[in-house]
Each structure stands twice: as C-alpha cells, then as structure tokens.
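Here the structure is laid out as structure tokens; the discussion comes afterwards.
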2 protein chains.
Amino acid sequence: MREATELAKSKETKPAVRDPEGVRRDILTVAMEEFSQNGLSGARIDEIAARTKTSKRMIYYYFGDKEGLYQRVLEEAYGKVRGGEHDLELDGLDPIAALDKLCRFTFDHHRANPAFIRMVMVENIHHGRHMQMSKTIRDLNQPAIEELEKVLRRGQASGLFREGVTSLELHWQISALSFFNVSNSATFSLIFGGDLFTDEGQHRLSRHVAEMVLRYVLRPDHLGSIPTGMQ
Amino acid sequence: MREATELAKSKETKPAVRDPEGVRRDILTVAMEEFSQNGLSGARIDEIAARTKTSKRMIYYYFGDKEGLYQRVLEEAYGKVRGGEHDLELDGLDPIAALDKLCRFTFDHHRANPAFIRMVMVENIHHGRHMQMSKTIRDLNQPAIEELEKVLRRGQASGLFREGVTSLELHWQISALSFFNVSNSATFSLIFGGDLFTDEGQHRLSRHVAEMVLRYVLRPDHLGSIPTGMQ
DNA sequence: TGTGATATGTACTAATTGGTTAATTAGGAG
DNA sequence: CTCCTAATTAACCAATTAGTACATATCACA
C-alpha cells in the first residue's frame with residue numbers, strides 16, 4: 001500500500017494532492033480532540049470538518065455517520081494508549097520493584113493521556129454502548145492484566161506477597177486510582193484545592209499509589225522493603 | 001411557607017391546582033435523570049418537558065435556560081448525596097473500626113447513587129465550569145474530610161496509624177476507588193468481565209477497599225487487627 | 001490513452017432544538 | 001370585591017445540525 005502520508009519517504013515525491021490515508025488520520029486526530037472535549041453529542045461535525053484540512057463530505061465518506069466516527073475514534077484512543085506496558089521489562093526486576101514500577105507507570109501513563117481518559121469517561125456515560133460492538137478494544141486490553149498477573153504470581157511464589165489477592169482486583173484498584181486522578185481532577189480540585197494536582201503533588205500521589213498497592217499485597221514481615229521512590 | 005407538595009399534610013386540602021414548589025421539584029427530578037443519562041448537550045429540553053407534568057415554558061420560567069437548569073440539577077445532586085457521613089457516629093468507635101466503617105460506607109453510598117456519580121462525570125467533562133460558580137457545592141463537601149480527619153488524628157494519637165498520611169490524600173484515595181467503581185463499570189466489565197460487579201463481587205470489593213486503606217494507614221505491628229468484615 | 005473505481009468540492013435540505021411572544025388564569029393582599 | 005403579581009398555557013421562531021445529491025476530479029491499470 002502506498003503511503004503518501006509519510007511524505008519524505010516515498011521516492012517519487014508524491015505530491016500531497018490526494019492522500020486518502022492522510023485525510024483519514026487528519027479527521028481522526030481532530031475528531032478525537034472534539035469528542036474528548038465535548039462528548040458524543042456535544043461535538044459538532046461541522047466544527048470537526050472546519051478544523052480539518054478536508055471537508056465535511058469526507059467525514060461521511062470515510063466514517064458513514066457521527067457514531068461511526070465516534071466509534072473509530074474510541075478504538076483509536078484505546079489503541080494508542082494500550083501496549084505501553086509491554087516495554088517495561090518487568091521480568092528483569094524483583095516482584096516488589098516490578099509492581100512498584102508498574103503502578104507508577106500506570107499512574108503516569110494515564111496522566112499523560114487525558115484525551116484517552118476523557119473518551120472513556122464519555123463512553124461510560126453512554127454505558128459502553130459503542131464499545132460493545134468493537135471486538136478490537138476488548139482484545140487490546142488483555143495484556144494489561146497479564147503483565148500484572150506474572151508479577152503477582154512471582155511475588156506469591158517467593159513468599160513476598162500474601163495469597164488471596166487476584167490480579168483482576170489489583171488491576172481494578174490501580175486503574176481506579178490512576179483514572180480518577182485525571183478524570184475527576186476538575187471537580188476535586190475545585191472542592192478541595194489544587195494541592196494534589198501540582199507537579200509536586202502528582203509526584204507524591206504517584207509514589208503513594210504504588211505504596212498503597214504494595215502495602216496491600218506485601219506480607220507484613222516484608223513491609224520494610226517498600227521502595228522510597230526518591231531516586 | 002405553604003407546602004402544597006405534601007398534599008395530605010395541609011389542613012385545608014389544597015387542591016394541587018398551582019403548586020410552584022411541586023413544579024420545580026418535578027422539573028428537577030426529571031432533569032436529573034435526563035442530564036445524568038445523556039449529559040449536558042445530550043439531554044433535550046423537550047424531552048425533559050415531555051416527561052414532566054408541566055410544560056417547556058415553565059422550565060425557562062424557573063431556570064432561565066438549559067445551563068441554568070443543569071447547574072441547579074448539579075447542586076441538587078451534590079446536596080442529596082453529601083451529608084450522609086454525619087450519621088455514622090464514628091466517634092463511638094475505635095479508629096480502626098471507624099475507618100473501616102467510613103470506607104465501606106463511602107463505597108456503598110457511591111454505589112447507591114449512580115445519578116450523582118454520572119452528574120459529576122458530566123461536570124468533569126465540562127472541566128467543572130458550572131461548579132465554579134456554585135459556592136454551595138464547595139461548602140457542602142468540607143464535612144466529608146473533617147470526619148476522616150478526626151478519625152485519622154485519633155488513630156495517629158493512639159499509635160495505631162502511622163504518621164505521614166494526610167486526610168486529604170486519604171479522602172482522595174477512598175473517593176477514587178469508590179467513584180471509579182461506579183463511573184467505569186460499563187467499560188471495565190465489558191473488557192474484563194462482570195465478575196466484580198455482581199452483588200457478591202461488589203461486597204468483596206467493598207471489603208477490600210476498606211482493607212486496602214487500613215493496610216495503608218496502619219502501623220505494621222497492628223496489621224493483625226484488620227476487621228474481616230464477615231459479620 | 002481510455003476507463004472504471006475511488007476520492008473530493010459545492011450546495012442544499014429536512015428535522016431538531018433551544019428559546020420566545022403574547023395572551024390567560026389563579027392567588028393573595030388590601 | 002378589586003387589583004396587582006406570580007404562575008401557566010399554547011403557538012411560534014430562528015438557528016443549528018446531521019446528513020445528502022450531484023457534479024467533478026484523480027488515480028490505477030489495461
């Protein structure tokens with residue numbers, strides 16, 4: 001398949017007159033911003049079109065209707081965020097360091113991707129209706145738990161972690177803390193002040209989230225080995 | 001002030017012909033359902049009006065415009081949910097039991113008020129723009145932390161809880177776990193299955209959230225005193 | 001170089017939607 | 001009973017918005 005998108009790469013200096021894939025990407029990028037900012041019904045097709053290099057007509061040409069576009073944007077959001085966990089190389093670390101690293105990574109990763117968070121918020125308002133039809137998204141997320149599962153098993157096998165903790169619940173807890181931190185920062189900081197949301201406050205929270213998770217899984221006699229995170 | 005709303009109560013058997021306060025309530029109730037279900041821009045004034053005993057005109061008469069109605073609904077949501085913490089009588093319990101009770105209550109309370117959760121989700125999508133202008137809401141939430149602060153102080157004074165834990169962060173953590181449980185149940189259960197969201201799964205989660213918080217604040221030598229929650 | 005399929009620009013539309021105008025009725029104070 | 005104000009009804013409107021019809025240009029390939 002030709003890739004006029006990657007302009008410099010193609011030998012024959014493809015003039016960007018007609019670049020279907022580029023148009024698609026352009027639309028998706030702008031649409032993600034609009035949908036994540038205004039929600040499904042809040043976003044305006046005309047506004048998306050206006051901010052694109054293309055026209056409204058092309059949106060319908062490529063994505064059918066508003067919901068079709070929204071659904072592709074949602075998949076795009078999940079696709080772009082998931083998978084980062086793989087590059088962590090947790091296997092080389094001892095279970096405690098690995099779990100600590102995974103927690104912090106998850107926290108920071110969520111924080112670095114507010115558009116994704118907002119898309120998920122929007123989709124939850126819609127009861128996950130559009131995700132149901134997307135097999136892609138469901139598959140994309142299994143790896144997230146598998147990494148955790150491996151660490152957990154190692155920790156339990158070595159006697160560092162207590163039994164009775166499941167990777168599913170643990171993932172739920174880590175996700176909750178990391179997600180809420182972004183999703184509810186507006187209301188939370190309006191009510192309780194913005195101290196937790198300064199760079200410094202966020203760094204502290206990141207450490208404490210990891211600490212909370214570790215204290216939850218560690219056997220009491222190993223609580224001394226919790227990393228300080230002050231490197 | 002007369003209360004034609006409470007029909008049976010008034011001696012003179014006020015015929016409900018003209019009941020301003022009742023009309024207001026009617027509108028607010030329906031609007032809360034619509035806004036929490038469809039968001040600010042997703043909700044339709046016509047639909048709200050249709051489901052009301054009154055007419056669209058009255059919505060504008062009492063609330064000015066759509067945003068005005070939304071804002072009052074938001075305040076209503078906060079008002080209805082907050083304040084429940086006060087009746088817990090935590091002072092009569094030892095710090096561990098008190099914190100345990102507070103965590104479980106918060107978790108269950110969030111779960112019992114999905115409309116409130118959804119309103120907060122929606123408001124966060126809008127960056128808390130409408131909350132900013134409502135002094136009411138900000139004031140309403142201070143008590144939530146004060147109860148926690150008292151328990152925390154008692155626990156630290158008696159040597160049961162470790163130092164270095166602030167009530168603000170702790171409240172953030174408890175809120176995160178309790179909120180996410182409701183806000184993201186749709187997407188989470190679609191991806192990872194619904195096991196956590198059965199009655200049984202939720203009961204387990206409730207216990208584990210409390211356990212997580214307790215393990216976080218307890219000094220290691222008191223970890224043995226964590227309640228099982230099996231009563 | 002011709003040809004069918006893919007891609008794009010312009011202009012339009014039908015329906016929805018937030019909001020209003022103006023006239024009417026009930027309630028309460030004097 | 002009167003009269004002013006608050007509450008209510010019914011019809012109406014202007015603007016927005018998702019979606020389309022149709023003509024046209026470009027491409028891949030024979």
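Here the structure is a predicted model, which means the values were calculated and not measured. Values reported hereafter were calculated over all heavy atoms of this structure, with side chains retained and with hydrogens, waters and symmetry mates removed. In what follows, chains carry the letters A, B, and so on, assigned in the order in which the sequence lines appear, proteins first and then strands, with residues in each chain numbered from 1.
- The nearest heavy atom of DNA chain D to B/K56 and to B/K53 marks one nucleotide each, and the one closer to the 5' end goes with B/K53.
- In this structure, a donor-acceptor pair under 3.5 Å is present between the side chains of A/E75 and A/S134.
- Summarising the geometry, the separation between OH on A/Y61 and P on D/dC22 is reported as 18 Å, rounded to the nearest angstrom.
- Taking the six-membered ring where tryptophan is involved, the planes of A/H109 and A/F105 are essentially parallel, since the angle between them stays under 30° and well short of 60°.
- Checked by atom type, the side-chain pair A/N124/B/T187 shows a donor-acceptor distance below 3.5 Å.
- Per the geometry, CG belonging to B/D46 stands 11 Å off P belonging to C/dG19, to the nearest Å.
- The phosphate of D/dT16 has neither OP1 nor OP2 within less than 4.0 Å of any side-chain N or O from A/R44.
- For A/S55, a side-chain nitrogen or oxygen approaches OP1 or OP2 of C/dG9 to under 4.0 Å.
- Rounded to whole Å, atom P of D/dT16 lies 18 Å from atom CD1 of B/I45.
- Distance B/M58 CE to C/dG18 C1': 17 Å, rounded to the nearest Å.
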- [ ] Evaluate ring pair (Phe, Tyr, Trp, His ring centres under 6.0 Å) for A/F35 paired with A/Y70, printing each intermediate quantity in order.
- [x] CA-CA 7 Å; A/F35 279 127; A/Y70 170 82; 5.4 Å; yes

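- Across the protein-nucleic acid pair, B/R24 atom CZ and D/dA6 atom P stand 14 Å apart, rounded to whole Å.
- A distance of 6.0 Å or more separates the ring centres of A/Y216 and B/Y216.
- With rounding to whole Å, A/Y60 atom OH is found 13 Å from D/dA21 atom P.
- Atom CD1 of B/I59 and atom C1' of C/dT17 are 13 Å apart (whole Å).
- At the heavy-atom level, B/A43 lies under 4.0 Å from the strands shown only through sugar-phosphate atoms.
- Between B/Y62 and D/dT8 there is a side-chain polar atom (N or O) within less than 4.0 angstrom of OP1 or OP2.
- Comparing B/T54 and A/E67 against DNA chain D, the residue whose closest nucleotide sits nearer the 5' end is B/T54.
- Contact between the side-chain N/O atoms of B/R57 and the OP1/OP2 oxygens of D/dT8 is not found at any separation under 4.0 Å.
- Here the P atom of nucleotide C/dT8 and the CG atom of A/D26 are 11 Å apart, to the nearest Å.
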